[in-house]
2 protein chains.
Amino acid sequence: MMKSFINVDPDSHFPIQNLPYGVFQPLSGGKPRVGVAIGEYVLDLSVIESAGFFKEVGIEEDGIFSQPTLNKFMGLGSKVWKMVREEVQRLLKEDEPTLRDHTALRKEAIISLNDVELLLPAQIGDYTDFYASREHATNVGTMFRGKENALMPNWTHLPVGYHGRASSVVISGTDVHRPKGQMKPAGEGSPIFGPSKQLDIELEMGWFIGPGNEQGKPVAIADAEDQIFGLVLVNDWSARDIQAWEYQPLGPFLAKSFATSVSPWVIPLDALEPFRVEGPKQDPTPLPYLQKEGASSFDINLEVYLKGKRMEKAQKIVSTNFSYLYWSMAQQISHHTVAGCNLRPGDLHASGTISGPVKEQRGSLLELTWRGTDPIQLETGEQRVWIEDEDVLTITGWCQGDGYRIGFGEVTGRILPALDS
Amino acid sequence: MMKSFINVDPDSHFPIQNLPYGVFQPLSGGKPRVGVAIGEYVLDLSVIESAGFFKEVGIEEDGIFSQPTLNKFMGLGSKVWKMVREEVQRLLKEDEPTLRDHTALRKEAIISLNDVELLLPAQIGDYTDFYASREHATNVGTMFRGKENALMPNWTHLPVGYHGRASSVVISGTDVHRPKGQMKPAGEGSPIFGPSKQLDIELEMGWFIGPGNEQGKPVAIADAEDQIFGLVLVNDWSARDIQAWEYQPLGPFLAKSFATSVSPWVIPLDALEPFRVEGPKQDPTPLPYLQKEGASSFDINLEVYLKGKRMEKAQKIVSTNFSYLYWSMAQQISHHTVAGCNLRPGDLHASGTISGPVKEQRGSLLELTWRGTDPIQLETGEQRVWIEDEDVLTITGWCQGDGYRIGFGEVTGRILPALDS
């Protein structure tokens, strides 16, 4: 098994097989720049680039890794991504002396994760959220519209998606104030205004796009995976009472646009290749533009933890898997562009809530508590129906290899009380 | 009446009372920069700025008007916008010699509109489309869901809106290929794939946002108009057959994300003040966060012209007015931010289709032809139900003053045949 000269625990999320990209700023000062996580450290790619190690990888512009976002690198495309990844992997190998034995360069380029602040990895031009889990769509549809209308007739024919809000995507660790808004509780004649009483998470995975496509020129499904720069964990915070009142006929708006949290490390698709699996069988067969040979899903374990203010440690409330998603990332990308919509480097796509067939695999409180009717029992003896103030919600995920993990780190966020307006 | 030393026709859209901002590139070369339209000319603000005329207007950073977008200027806020407008108006007055009599500066700063290319005025971080016309929402609702469910229960309580696609907003004059997609024609058992057969316009007005608000800090309705940098015409092209199949439950997606066209000149809110009028009476009274003293609408005439490939001249097919909009811009802005969503300089909001109470005031073919059942008669003897290939659709608008017009120019676009994929 490949190993790095940097010591990495077997249960670390960031072994040499992973090498996720992120944007960081040293706490000691200096500008934001691009790095790669390795064990408990970050490799500063701006230093590696300055030292001349990326001369042969097809990057024509200087300073790609001195940028405050990954957008330019994302725009270079999958061939360049592969070559950079190979070079970084080579430099970090235990039997490769170039960096290992170069004390000065090592000191400059390898920084403890404790000594950096992680930032949003991209300037997100557009954020698109899909609705790709059949179990999730069925659960929500049943609760909002009844069992007969749970899955709309279009759902099994196309990956339903909608435009989300790019401005309010925040990095893991950002506190989020409970949103206020209009809602219409059952039995009230008129809508009321106030803090949401049904605040929820959505366990999702997201992927950053590069290099994108020209307006009017769809991405063929055979080429769609070349548009995936890498994956992150996404928590699409949702206010269910605001959503229920506002969402017809144009879809969710303020119920979700107050905040969406993403994990800081972007896991390259290449790191996930050993964990490629078939997704669910699709019946009916999709139209030809959505048909692709071969396995298009990935075996990624996903968990959600909740820690209330009276809890000593976080409690696991969800345990599910990415491979339950009905529509693949490639299908979502091809569908997104088929009418001519252009994608740009740095665009974020998210899967929608990922739920599996059994109860503990449901990726939202809405589903776990069946709209509040079946509370979660916490170890403190408390119950939880929706998120309470000061609750910390954390999503984590990883692929389990033989003796190593390809991890996604975590996306975490704490809910603060609503602000007086 | 105030006049400029530059001769301006009484029916010109760009008298000295208007002074809209745009981004242009001289055809002779040079970088994109910011200008102001005056009659048949553009005043190059980067030249005026370099000449030192904006020293006293509170702009601390150099080169605000040498930018390829208006975003930085939009971010400076309404006090700075006002001071810049006053200085530009002073410089262009007929009795003001500073620029009028400075031959060299005049030659450098005043360029014929024939000698420039107009570009997208802003880098649009997020594009939000509302649904603020009661007549439009009622017409569409009746056609898609029947008369009983035409207006959803939420519609009279909040300005319904959704996130649009920012990447595919294009400048007036950009050709648009007919989109392809999934649709399910009546009587078909399964969806089909192909070019849209129900391609439509939406006559809308848009406004660019600046300076924006911090995430979690809503914009109070009393402050909402300070967020409006200026207004443009918007054509939100829509494929109705794709829309009908895809839009439930998360709203329109590919039916609109292939292209949205905007006019190049951004009309300052200050130029519209003489045309401020009351909007429709709102019943029920909105919740307090949507209540505002005083008139919040504007008397803006709006027209749509269609020119088919066999037509010698364009034919007017819509004649309506901005003041029919039920929800004001201020209400839309306050609502957008009330749950904590942050707006950023350069964000584009659009009103949704503007329809009035009578037939020729309907702002889409969907409504004009009542979903294809009542064709438009063209002067060539042809009929039109939906847009045909090579049709050119143009929206124009203006406020009629006493002896002058505050015009919006136009937003135009030609539909080209669907591309082979």
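First the proteins, then the strands, lettered A, B, ... as listed; each starts at 1. Below, each value reflects all heavy atoms present in this structure, side chains not excepted, and no hydrogens, waters or symmetry copies.
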Exercise. Among A:Lys184, A:His177, A:His335, A:Glu246, who wins on heavy-atom pairs under 4.5 Å with chain B?
Worked result: A:His335

Where does [X] contact chain B at under 4.5 Å (heavy atoms): side chain, backbone, both or neither?
| X | value |
| --- | --- |
| A:His157 | both |
| A:Leu151 | neither |
| A:Pro153 | both |
| A:Arg178 | neither |
| A:Val170 | side chain |
| A:Ala259 | both |
| A:Leu416 | neither |
| A:Thr128 | side chain |

For this session: Given side chain to side chain contact (heavy atoms under 4.5 Å, CB included), test A:Phe253 with B:Phe130 step by step and report yes or no.
Result: CA-CA 10 Å; A:Phe253 184 44; B:Phe130 287 89; 4.1 Å; yes

Exercise. Can you tell me how far the CZ atom of B:Phe193 sits from the OH atom of A:Tyr289, to the nearest 0.5 Å?
Worked result: 6.5 Å

For this session: Check whether B:Gln248 gets within reach of chain A through its side chain, its backbone, both or neither, counting any heavy atom under 4.5 Å.
Result: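 Contact with chain A: backbone and side chain both.
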
Problem set entry | Pick from B:Leu254, B:Thr337, B:Leu287, B:Val338 with the largest number of heavy-atom pairs that fall under 4.5 Å of chain A | B:Leu254

Exercise. Do the two ring centres, one from A:Tyr127 and one from B:His163, sit under 6.0 Å apart?
Worked result: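 No.
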
